[in-house]
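The chains referred to below are lettered A, B, ... by the order of the sequence lines, with proteins before strands, and numbering in each begins at 1.
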Amino acid sequence: MSSDKDFIKQITKRSDDFSRWYTDVIKRAELADYTTMKGMMVIRPYGYEIWEHIQSNLDKMFKDTGHKNAYFPLFIPESFLKKEAEHVEGFAPEVAWVSFGGDEELEERLAVRPTSEAIICSMYSKWIKSWRDLPVLINQWANVVRWEKVTRPFLRTTEFLWQEGHTVHESAEDAQSETLRMLNIYKTFAEDYLAIPVISGMKSEAEKFAGAESTYAIEALMPDGKALQAGTSHNLGQNFSKAFNIRFETRDQNLEFGWQTSWGVSTRLIGALIMVHGDDSGLVIPPRVAPLQAVIVPISRGNWKETVLPEAQKLFSSLKEAGIRVYLDDRDTYTPGWKFSEWEMRGVPVRIEIGPKDIEKGQVVLVNRINREKSFVEIGNLMIELNNLLEKIQKDLFEKALKYRKDNTVTNKTLNDLAQTIEEKRGFVRSGWCGSPDCEAKVKEKTAATIRVIDNKKESGINKCLVCGKDSTDTVIFAKSY
RNA sequence: CGGGGCGUGGCUCAGUCUGGUAGAGUAUCGGUUUUGGGAACCGAGGGUCGCAGGUUCGAACCCUGCCGCCCCGACCA
């Protein structure tokens with residue numbers, strides 16, 4: 001960040017201690033707060049508002065592709081969870097159980113959903129009888145609970161908010177194209193709205209979702225060089241339909257099990273957004289999902305309440321009317337300088353200053369959160385200039401993140417090179433891989449890096465497995481992950 | 001689950017080694033002067049030091065146990 005001064009004193013510098021910086025920003029910007037229970041955080045209004053913007057934009061994308069929302073129960077009977085063997089095995093260690101209702105012990109324990117495949121599939125088996133019932137395209141916005149050992153606000157909490165889509169299709173091909181369609185929606189959303197560049201691709205067998213046929217993911221690179229899985233889309237094949245007996249009569253009058261998908265993103269996206277765009281002054285929120293896109297700070301001198309404030313109020317009304325998410329900070333308990341720092345810390349993309357000098361000249365001052373660049377614009381041009389600036393910030397944030405990712409993506413041909421890269425600077429590493437789980441495990445053992453995605457873009461020069469040297473079937477991205 | 005750190009006004013922390021009247025900064029409240037990058041001064045309120053037990057004339061400080069949080073590693077959105 002091109003700052004000569006650090007105006008914010010209560011945030012650990014990002015370069016000093018990235019983890020501390022992360023939690024400092026969350027607390028200071030009032031995105032979330034810790035409770036007395038481990039791993040349980042409160043999402044405060046300012047943080048929740050970011051989630052609401054994520055929700056509303058994604059929800060529209062889901063609806064535009066034919067999906068509907070529904071809501072399924074929080075509790076899942078133990079017997080349901082156990083129906084799909086791989087699924088229960090994968091989730092068992094992190095399921096919270098309810099065994100009492102009031103003071104009566106339940107005959108069957110209830111799981112607090114760690115994900116809803118089991119309960120949803122149990123209903124689908126009732127609802128789906130014919131090919132005419134398909135596809136079923138349902139999404140739910142919900143909370144889930146996973147008893148994680150290590151928690152961090154937004155990135156991994158015991159309870160978190162997400163959406164989970166659960167679809168059923170007539171054919172393997174339909175399920176596969178749905179899987180990829182949703183993966184693509186996630187990618188588009190991450191890049192266009194959150195301004196976070198992601199790589200997408202399939203997961204290896206070792207990394208796939210418990211119970212899936214195949215898992216696809218979008219992965220983002222964080223500023224500390226670690227990868228963050230930002231969304232997943234699973235092709236469930238017939239694994240669950242067989243376990244839950246979801247059968248339908250086909251067009252040619254046979255009985256067949258449904259072909260399913262499931263896909264989700266969570267409040268973790270907020271964590272990604274904080275890390276990717278933030279700086280030493282605090283948050284930087286991309287305009288499209290920012291609770292506030294602009295804040296007006298009237299310069300309080302002399303009788304400013306009679307002179308400056310009315311002008312500021314006019315600005316506020318007109319911007320608000322034009323659909324800008326804007327706030328007028330007319331508090332007289334704080335100085336302008338204090339407010340500047342405060343709103344920077346909270347990541348508002350544009351600050352609008354208006355003072356006596358500006359009114360004289362018929363102008364206002366726009367300040368870009370990314371670089372504190374000031375521009376003086378005529379009041380008449382404010383709307384157009386502000387919109388331009390917001391778009392520019394949205395774009396610049398993406399470009400900056402993309403550049404960072406490019407600068408931190410390297411190609412390594414040997415395990416030693418990979419180990420060195422991970423040791424020295426982390427980042428994404430492209431390599432060849434023969435597809436063997438053994439080779440994958442060796443990499444993990446030696447470097448702690450895992451295959452984030454298999455992105456089958458053939459790259460010249462990568463044609464051998466970095467471990468065993470055999471011909472590589474896949475080009476993969478390795479990274480240390482969150 | 002292993003390693004490390006920490007728990008003292010709302011917040012950040014000093015004080016613990018070497019036991020002896022609980023401190024600072026900040027925030028809050030009242031007042032005056034201020035206000036183009038976290039303003040200055042004056043005044044005020046607010047904690048029994050994570051919990052439980054022990055040693056002692058006396059414990060924030062020493063001992064034992066417990067709880068919680070944070071960070072780093074093995075598992076996970």
Side-chain angles (χ1 to χ4, degrees), chain A residues 3-12 17-24 27-28 33-41 90-95 114-115 143-164 186 203 206-210 215 217-220 224 226-234 262-272 281-282 297-305 308 331-345 351 353-359 364-365 367 372 374 376 444-445 448 450 480-482:
Chain A
S3 65
D4 10 299
K5 271 195 206 163
D6 303 309
F7 297 112
I8 297 286
K9 282 111 188 167
Q10 292 151 21
I11 298 177
T12 306
D17 183 340
F18 187 72
S19 296
R20 282 290 297 274
W21 170 86
Y22 177 76
T23 46
D24 282 354
K27 279 191 274 188
R28 282 287 293 123
D33 202 359
Y34 295 97
T35 62
T36 56
M37 299 162 291
K38 176 180 154 59
M40 320 256 185
M41 68 165 183
F91 280 101
E94 44 190 271
V95 171
T115 177
N143 58 340
V144 288
V145 169
R146 297 183 187 176
W147 220 263
E148 302 283 359
K149 287 170 182 154
V150 179
T151 59
R152 303 192 63 195
F154 292 114
L155 299 177
R156 181 170 301 108
T157 46
T158 304
E159 178 184 0
F160 58 94
L161 305 182
W162 76 346
Q163 61 64 220
E164 45 181 329
Y186 287 156
K203 288 282 185 184
E207 298 281 329
K208 77 167 197 204
F209 176 75
T215 287
I218 54 170
E219 295 272 338
D224 60 354
K226 286 162 86 173
L228 186 76
Q229 182 169 310
T232 49
S233 185
H234 315 292
S262 71
W263 27 273
V265 297
S266 71
T267 35
R268 172 181 269 192
L269 289 176
I270 298 173
S281 299
V297 178
I299 303 304
S300 41
R301 319 184 67 171
N303 58 342
W304 69 283
K305 282 195 174 168
V308 178
R331 295 174 290 179
D332 54 9
T333 43
Y334 297 104
T335 61
W338 191 94
K339 292 174 184 174
F340 295 168
S341 304
E342 181 69 11
W343 294 111
E344 263 168 31
M345 192 267 299
R351 177 173 77 243
E353 301 176 18
I354 178 163
K357 286 185 235 162
D358 303 308
I359 292 171
V364 295
V365 185
V367 186
R372 295 204 180 102
K374 292 192 176 189
F376 301 85
K444 187 170 181 182
E445 199 181 312
T450 51
K480 254 180 128 159
S481 80
Y482 267 92

Once each nucleotide of nucleotides 71-77 of chain B is scored for protein heavy atoms under 4.0 Å, what B/S/- sequence comes out, 5' to 3'? SSBBSBB
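Residue A:Met41 contributes atom CE, which lies 12 Å from atom P of B:C70 at whole-angstrom precision. Distance, A:Ile299 CD1 to B:A39 C1': 14 Å, rounded to whole Å. In this structure, A:Phe340 places its CZ atom 11 Å from P of B:A39, rounding to the nearest Å. As rounded to whole Å, 13 Å separates atom P of B:A39 from atom CZ of A:Arg331. Rounded to an integer number of Å, the gap from A:Arg301 CZ to B:A39 C1' is 14 Å. Summarising the geometry, the separation between CG on A:Asp24 and P on B:C11 is reported as 15 Å, rounded to the nearest angstrom. For A:Glu342 and B:A27, the CD to C1' distance is 13 Å, given to the nearest whole Å.
Remark: of the listed residues A:Lys203, A:Lys226, A:Lys480, A:Lys203 is the sole one forming a salt bridge (Lys or Arg N to Asp or Glu O under 4.0 Å) with A:Glu219.
Of the P atoms belonging to B:C61 and B:U21, the separation is 14 Å, rounded to the nearest Å. The C1' atoms of B:C13 and B:G73 are separated by 29 Å, rounded to the nearest whole Å. Here, B:A60 and B:A52 have their P atoms 13 Å apart, quoted to the whole Å. B:G46 and B:C29 have their C1' atoms separated by 11 Å, with the value rounded to a whole Å. When the P atom is compared between B:C66 and B:A44, the two are found 46 Å apart, to the nearest whole Å. Across B:G47 and B:A22, the matching P atoms stand 13 Å from one another, rounded to whole Å. Nucleotides B:G20 and B:G15 are separated by 14 Å at their P atoms, to the nearest Å. Taking atom P on both B:A40 and B:A27, the two are 9 Å apart, rounded to the nearest angstrom.
Contact annotation for A:Lys357: base contact, defined as any heavy-atom pair under 4.0 Å involving a base atom. Residue A:Asp358 is in base contact, counting any heavy-atom pair closer than 4.0 Å across all strands shown. No contact: A:Gly264 has no heavy atom under 4.0 Å from any strand. Looking at heavy-atom distances under 4.0 Å, A:Val365 makes contact with a base.
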Which donor-acceptor pairs under 3.5 Å do side chains of residues 149-157 of chain A form with protein atoms, sequence neighbours excluded?
unit_1   : atom_1 : unit_2   : atom_2 : d
A:Thr157 : OG1    : A:Glu159 : O      : 2.8

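With a 4.5 Å cut-off on side-chain heavy atoms, A:Pro356 and A:Arg301 count as touching. The closest side-chain heavy-atom distance from A:Thr115 to A:Phe91 is below 4.5 Å. A:Arg268 places none of its side-chain heavy atoms less than 4.5 Å from the side chain of A:Phe160.
Of the two residues contacting RNA chain B, namely A:Lys27 and A:Ile359, the nearest-nucleotide position lying further toward the 5' end is that of A:Lys27. Between A:Tyr334 and A:Pro356, the one whose closest nucleotide on RNA chain B sits nearer the 5' end is A:Tyr334.
Between A:Tyr186 and A:Trp263, the ring planes are perpendicular. Angles over 60° get that label, and only those under 30° would be called parallel. Note: A:Phe18 and A:Trp21 have parallel aromatic rings, judged against thresholds of 30 and 60 degrees for the angle between ring planes.
The partner of B:C62 is B:G54, by the rule that a Watson-Crick or G-U pair needs both atom distances under 3.5 Å. Remark: B:G7 base-pairs with B:C67. Criterion, Watson-Crick or G-U wobble with two distances under 3.5 Å. Pairing for B:G2 goes to B:C72, judged as Watson-Crick or G-U wobble with the two contacts each under 3.5 Å. Base pairing of B:G30 is made with B:C42, judged by Watson-Crick or G-U wobble geometry with both donor-acceptor distances under 3.5 Å. In a base pair of the Watson-Crick type (N1 to N3 plus N6-O4 or O6-N4) or a G-U wobble (N1-O2 and O6-N3), with each distance short of 3.5 Å, B:U18 is matched with no nucleotide.
Donor-acceptor pairing under 3.5 Å, judged by distance alone, is absent between the side chain of A:Thr335 and the base of B:U35.
Here the closest non-hydrogen pair linking A:Val308 and A:Ile354 is CG1-O, 3.3 Å.
No more than 12 heavy atoms of other residues, nucleotides or ligands shown are found within 6.0 angstrom of CH2 on A:Trp147.
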